[in-house]
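Below: one structure, written as structure tokens.
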Amino acid sequence: MTTLPSEVDVAIIGAGAAGLGAAHALKQSGLSYVVLEARDRTGGRAHTIAASPEITFDLGCGWLHSANENSFVPIGEQLKFEIDKTRPPWREQAHNKAFPVEERAEFLEALDAFYDRAEEAAQLAGQSGRDSAADLCLEPGNRWNPMIDAISTYVNGCELDQVSILDMEAYQDTEINWRVRRGYGALVAAYGASMPLALNCAVTLIDHSAKRIRIETSQGTLIAGRVIVTVPTNLIADEALRFHPPLPAKLDAARGLPLGLADKVMLALSDGDALPKDGSLRGATMRTAMGTYHLRPFGQPCIEGFFGGRFARSLEDAGPGALAAESINEIAGFLGNDFRHKLKPLAESRWAHDPFARGSYSHALPGHAGDRAVLAAPVDGRLFFAGEATSPGFFSTAHGARDSGERAAQEVLATSIKR
């Protein structure tokens, strides 16, 4: 940890994947820089904990999405992190009779048909310039629509009525997904270990009215020549971080790119050898308010639950423990009431109630797909913006955030050369 300096060439706001990516890109630049982080740790929405002595739990991002193009894969290999290439269980037949094989096949057919319609709609929207909500691509009356909407809450953090069809189409997915055995959050933290950091240093104001930028923080005032802002969009939209003079275009863009919500819960599992390692559990629930479960990830004695969208928010609002209680009730409904005594709550994420996140990852509201480019654009050659929400194709991912930080740092360096 670094003591807050009085003046630097570049101040980086946020020590998540984007801020750390920017810091690494400035290492050999000769510029002085510091990463300001409101939390007492690095990683942002990437955070690994030991849920128990034998269970590693990623409260935030857990999968190396598009792993063949994911910049954290070579970083992980360089830092000696084991990369697990086991295929995800997401599309596999759900365990037990809660979701019969025939119904599972019917659901997957409906899901694939929805994505085909969405792709066609996005192409038409791109030609006409008229964006729309993704829920318009649901087949009227299809009994699987609520469950397709539930899938959206895991993927986008929100229901389809809040998703831009153009933005959904812009997301790049190679469908290769790997994991970090010691935790994705642990990898991001290791990546940032050597950076100059000021922790417990919340930024409240960026005053760019004069030639040098004044940054007000919980630890005092810092003067910088240039600033890279990497905080989540909800902090900009809520004006938890303010700009003087105001930046209305950035404020509007942040509000068009809100953070959806995807929460996780970890349950210890006793006597669970009958359940498959890295298996899937989901019922033919026919509702959007549902969870989905990863059985014995890495073979650990646990079940990891996922909840998204409005349902996740209602569970967070109900208070600590509500996610775990809902998980146990739903799992017992699938596997039998006697299964309850095998489950013990260990930990859960509550990203909407995290004051420095206020959500999980961004989605573009209908009509706001272009806001990612607006948010990413530099201001006056002195203010630069990064974070997963600014990534044109890898938004909602840690590597998209990291790459955007590197991009913002390159923009800083290009400005430095010109001056």
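Given the structure is predicted, the values throughout are model-derived calculations rather than measurements.
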Kindly indicate whether the side chain of [X], heavy atoms from C-beta on, has any atom under 4.5 Å from the side chain of [Y].
X	Y	answer
L323	E326	no
L275	L335	yes
D112	R91	yes
E388	S362	yes
H368	R255	no
E159	T153	yes
I12	M195	no
L251	P246	no

Within the side chain of [X], is there an N or O that forms a donor-acceptor pair under 3.5 Å with the backbone of [Y]?
X	Y	result
S218	A202	yes
D131	S164	no
S404	A386	no
Q219	L199	yes
E169	A122	no
Q300	P297	yes
T48	A186	yes
R41	G44	yes
S152	I148	no
N142	W144	yes

Would you say the rings of [Y] and [X] are close, in the sense that their centroids are separated by under 6.0 Å?
X	Y	value
Y191	F72	yes
Y361	F395	no
H399	F394	yes

Legend entry - Qualifying residue, where the test is side chain to side chain contact (heavy atoms under 4.5 Å, CB included) with L267 and the options are I331, I55, L346: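 That would be I331.
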Enclosure of [X] [atom1] (heavy-atom neighbours >12, cutoff 6.0 Å):
X	atom1	result
R130	CZ	no
Q123	CD	yes
E109	CD	no
R242	CZ	no

Inset, instruction - May I ask you to decide whether R372 forms a salt bridge with D167, counting only side-chain N to carboxylate O separations under 4.0 Å? - result: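 Answer for the salt bridge query: yes.
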Legend entry - Carboxylate-amine/guanidinium contact K97 E103, below 4.0 Å: no
Legend entry - R181 charged N/C atom sitting above F298 aromatic ring, 6.0 Å / 45°: yes
Inset, instruction - Measure from NZ or CZ of K250 to the centre of the six-membered ring of F385, then state whether that distance is under 6.0 Å and the direction lies within 45° of the axis. - result: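 Checked: cation-pi criterion met.
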Legend entry - Intermediate values then yes/no, side-chain contact (heavy atoms from CB on, under 4.5 Å), L269 and F339: CA-CA 10 Å; L269 172 66; F339 206 85; 3.8 Å; yes
Do you know the tightest heavy-atom contact between [X] and [Y]?
X	Y	answer
P345	A324	CB-CB, 3.7 Å
S349	E316	O-OE2, 4.5 Å
F57	E304	CE1-OE2, 3.4 Å
R313	L259	NH2-O, 4.4 Å
W63	T86	CZ3-O, 4.3 Å
A389	L257	O-CD1, 4.0 Å

Quick check for you: to the nearest 0.5 Å, what is the distance between [X] atom [atom1] and [Y] atom [atom2]?
X	Y	atom1	atom2	value
D354	N234	CG	CG	11.0 Å
L111	N145	CG	CG	11.0 Å
H363	Q162	NE2	CD	6.0 Å
M266	D58	CE	CG	8.5 Å
L365	D371	CG	CG	8.5 Å
H208	R382	NE2	CZ	7.5 Å

Legend entry - Test side-chain contact (heavy atoms from CB on, under 4.5 Å) applied to W351 and L59, step by step: CA-CA 9 Å; W351 290 110; L59 286 160; 4.2 Å; yes
Legend entry - From R179, K85, R87, residue fulfilling salt bridge (charged side-chain N to carboxylate O under 4.0 Å, His left out) relative to D278: R179
Inset, instruction - Could you label the plane-to-plane angle of the F107 and F99 rings as parallel, tilted or perpendicular, counting under 30° as parallel and over 60° as perpendicular? - result: tilted
Inset, instruction - Say whether R310 and T288, considering side chains only, have a donor N or O and an acceptor N or O under 3.5 Å apart. - result: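 Looking only at side-chain atoms, T288 and R310 do not form any donor-acceptor pair under 3.5 Å.
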Legend entry - Derivation and outcome, side-chain contact (heavy atoms from CB on, under 4.5 Å), residues L205 and H244: CA-CA 7 Å; L205 176 68; H244 176 73; 4.1 Å; yes
Legend entry - Verdict with supporting geometry, W90 and N177, side-chain contact (heavy atoms from CB on, under 4.5 Å): CA-CA 11 Å; W90 303 328; N177 300 280; 3.5 Å; yes
Inset, instruction - Take R282 and E92 through the salt bridge (charged side-chain N to carboxylate O under 4.0 Å, His left out) test and state the conclusion after the steps. - result: CA-CA 10 Å; R282 185 187 303 152; E92 302 302 324; over 6 Å; no
